[in-house]
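What follows is a short report on a single structure.
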Amino acid sequence: MPDAHPPQAPAGPAGHPAERPAPPPWRPGAGAPPAGAAPVPPHPGVSGTAGGRPLNGGAFGTAGAPPPHAAGSASVPPHASGSARVSPAPDLFGPASGPPAAAVPVSPPPAGAPLSAAVPPAPARRRRLLPLLLAAVLLLALAAGVVVVRPGPVAEWLGDDKAGGPASAQPADPPPVPVLAAADANAPLPTPEGVSAALDPLVGAAALGDRVNVSVADVATGQPLFGANEDDGTVPASVTKLVTAVTVLAARGPGHRIPTRAVAGASPGEVVIVGGGDPTLAVDKKGFYPGAARLDDLAAQVKAALGGTAPTRVTVDSSLYSGPVHEPGWDDDIPTGGYGGAITALMTDGARRDVPQAKRDHDAGDHGAERVSQPDLAAGRAFARLLGVPADAVGRGKAPAAGADATAGAPGSELGKVESLPMVRLVDIMISDSDNIVAEALARQVALARNQPASFTSAAAAMDAVAGELGLPADELSLADGSGLSRTNRISPSLLTDLITLAGNGSRPELAAVFGGLPVAGWSGTLGERYAADGTRSGAGVVRAKTGTLTKVHAIAGLVTTADGRLLTFAVLTDAVPPDGMESARVALDRIGAALAGCGCR
């Protein structure tokens, strides 16, 4: 596997390893094509678009192309303050599943209106059955599925080529190799008996400990196929991010952008920077997240708005967030271990202290980074430097309210605004890179969309409420944060398979964005170096899932295509693995996914 994929996560100071995903292909130097590289070829016999939509817009993404948040993406343009727009989430399975993506409404309901007013029934399971008509529509949609390939140039972009020579010295690209095959609309449905025969010997593996909870269901019909304590709440670790993704997409919509504003302060020469909760905000074009909104753009707007008046003070308003900056259920090493940090409404580069070093480490497979202890003040000082204001003239405060007839430059009047990448791309970053800081910011966006305080407690309650309005079994969900770092989180495996079915059945097209960043077994992200051991190889290229890891906790939830071409969703959560059993537990989990991939289970 490429060097871009990471080794096992080392234990933190308290012995708690945080999940360390591999860099997605959007990182400069890893995700950009080399000069002169040939375009990525489509699969033979498959045209470049389907119904006016790019082929990489489906539920399964495109394993051989940069994710939607790559700079220069055709489907979602890079951010340009005040002018960029985002296309709604693409249709999940192509033309057969419904109207063109541009017709999909992505705006949330009016403030105060319950989502349930426009939400179809929940995915079938135990006590809920999908309408037969929906199943028929999905089967037709699956017929339009696209074979996803891993073209030759992508291997070079991700570091597969060890020689490192110039592009002109490389041999001709080999034919594309299938990675994620299209689902077969005529594939037979596995039987519960067949799935049990395949999984029963694996679920009881000693490596998984004595608490293993499993759910398997068919995506087309929602029919449950296997369960083992499937309704029991379990510590989910980073699998929590699937709930965060679906709830923020439902509450905010894929096109929503998070603003960072500058307004005139109450005193002459005072500029107030108002944090809106964008964790990817950069100081300049050298930021950690490509395409992010930038403080230097905001500073230029402020200078233009003030004319010849020089700012003399910068006030930082990060009052949008309330409550503690660290979740009480986090392990002691999380705030300082490189994978978590203080959650504030204003920050730059996910609160990373040394962005150039963080980028180098990230590209080398080390995704921890030292974080600043006061991200809002650090961002304020960076903004002050851009305005020519000394650091000792920076402090916290609140922006004055602007009167209805406030003139330009009057207290509270807007001097400038920049906006984040669209929500669909923030979700993709969160999932593909398992970014905990981004996850906590998106959880708070759910609370803000519901007119609730942007705190850990209110964000968790808002996500729980939105999940219930989507028809998911909220009684099987208990959250304390949006990242999964808290050990007090509980999610049942069956809620996860219900959630994935809902996102994949076409009834809520905007939720399909959750699939774009999912790692592919043996190919990308946290699954990049997995599914290579004995008994797991049949899952390589056909399992796509989110993983979760804390000490004693190992989880996986996602999609798998059976040997007959049937698309299933599965979730396996275990939170009683011996502390020294991480590697064996992961292999045992991979054998479960591989067993589903390798059988017809009939």
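- Shown here are the salt bridge (charged side-chain N to carboxylate O under 4.0 Å, His left out) partners of Glu440, two or more places apart in sequence or in another chain: Arg444.
- Residue pairs meeting the side chain to side chain donor-acceptor pair (under 3.5 Å) criterion with at least one member in residues 572-582, sequence neighbours excluded, are Arg211-Asp575.
- Here the shortest heavy-atom pairing between Arg591 and Gly535 reads CG-O, 3.7 Å.
- Interatomic distance, Asp590 CG to Leu527 CG, rounded to the nearest 0.5 Å: 7.0 Å.
- With contacts defined as side-chain heavy-atom distances shorter than 4.5 Å, the pair Lys546/Ser238 qualifies.
- Thr536 places no side-chain N or O within 3.5 Å of a backbone atom of Ala594 that could act as its donor or acceptor partner.
- Side-chain contact between Met423 and Val248 is present, with heavy atoms from C-beta onward closer than 4.5 Å.
- Atom CG in Asp361 sits 11.0 Å away from atom CD in Glu370 (nearest 0.5 Å).
- For the atom pair CD of Gln223 and CG of Leu189, the computed distance is 5.0 Å after rounding to the nearest 0.5 Å.
- Within the 4.5 Å cutoff, the side chain of Arg487 has heavy atoms near those of the Thr551 side chain.
- No hydrogens or angles considered: a donor-acceptor pair under 3.5 Å links the side chains of Asn213 and Thr234.
- At distances below 3.5 Å, not a single donor-acceptor pair connects side-chain atoms of Asn229 with backbone N or O atoms of Asp232.
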- Message: Arg490 vs Val235, test: side chain to side chain contact (heavy atoms under 4.5 Å, CB included). Steps then yes/no.
- Response: CA-CA 5 Å; Arg490 295 292 184 273; Val235 181; 3.1 Å; yes
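- Remark: Leu472 CG to Leu477 CG distance equals 8.5 Å, nearest 0.5 Å.
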- Task: Verify side chain to side chain contact (heavy atoms under 4.5 Å, CB included) between Met430 and Leu426, making sure each step is shown before the conclusion.
- Result: CA-CA 6 Å; Met430 173 183 67; Leu426 296 179; over 6 Å; no
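- Summarising the geometry of Ile343 relative to Phe456, their closest heavy-atom pair is CG1-CZ, 3.9 Å, with the distance given to 0.1 Å.
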- Message: Is there a side-chain hydrogen bond (donor to acceptor under 3.5 Å, both in side chains) between Gln452 and Ser458? Walk through the geometry before answering.
- Response: CA-CA 6 Å; Gln452 297 298 312; Ser458 293; 5.0 Å; no
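- Counting only heavy atoms from C-beta outward, the side chains of Arg586 and Thr549 approach each other to under 4.5 Å.
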- Query: Between Thr526 and Glu529, does a side chain to side chain contact (heavy atoms under 4.5 Å, CB included) hold up when you go through it step by step?
  - Reply: CA-CA 7 Å; Thr526 51; Glu529 297 198 2; over 6 Å; no
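- Of the residues Val203, Leu573, Thr497, the one that meets the side-chain contact (heavy atoms from CB on, under 4.5 Å) test with Val214 is Val203.
- A donor-acceptor pair under 3.5 Å is absent between the side-chain atoms of Ser483 and the main chain of Asn436, judged by distance alone.
- Salt-bridge check for Asp435 with Arg352: passed, with a basic side-chain N closer than 4.0 Å to an acidic carboxylate O.
- Thr244 is not listed as a side-chain neighbour of Leu479, based on a closest heavy-atom distance of 4.5 Å or more.
- In this structure the side chain of Arg602 reaches within 4.5 angstrom of the side chain of Asp564, judged on heavy atoms.
- Closest non-hydrogen pair, Lys241 versus Ser434, comes out as NZ-OG, 3.4 Å.
- Among all heavy-atom pairs drawn from Asn489 and Pro236, the shortest one is O-CD, 3.5 Å.
- Between the side chain of Arg371 and the backbone N or O of Gly338, at least one donor-acceptor pair lies under 3.5 Å.
- A donor-acceptor contact shorter than 3.5 Å is absent between the side chain of Gln445 and the backbone of Ala443.
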- For Ser455 and Thr457, what are the C-alpha separation, side-chain angles and deciding distance, and is it a side-chain hydrogen bond (donor to acceptor under 3.5 Å, both in side chains)? CA-CA 5 Å; Ser455 64; Thr457 301; 4.8 Å; no
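- Between Leu249 and Ala513, the closest heavy-atom pair is CD1-CB, 3.8 Å.
- Two residues are said to be in side-chain contact when any heavy atoms from C-beta on lie closer than 4.5 Å; Thr562 and Cys601 fail this criterion.
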- Residues Asp498, Leu502; criterion side chain to side chain contact (heavy atoms under 4.5 Å, CB included); working and verdict: CA-CA 6 Å; Asp498 278 3; Leu502 176 64; over 6 Å; no
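- Between the CG atom in Leu448 and the NE2 atom in His256 there is a gap of 8.0 Å [rounded to 0.5 Å].
- Of the inter-residue distances, the one linking Ile429 atom CD1 with Arg425 atom CZ reads 7.0 Å to the nearest 0.5 angstrom.
- Residues Ser492 and Glu476 share a closest heavy-atom pair of OG-OE1, 2.6 Å.
- At a cut-off of 3.5 Å, with distance as the only test, a side-chain donor of Ser494 or Asp231 sits close to an acceptor on the other residue.
- A heavy-atom distance below 4.5 Å is found between the side chains of Ile556 and Phe570.
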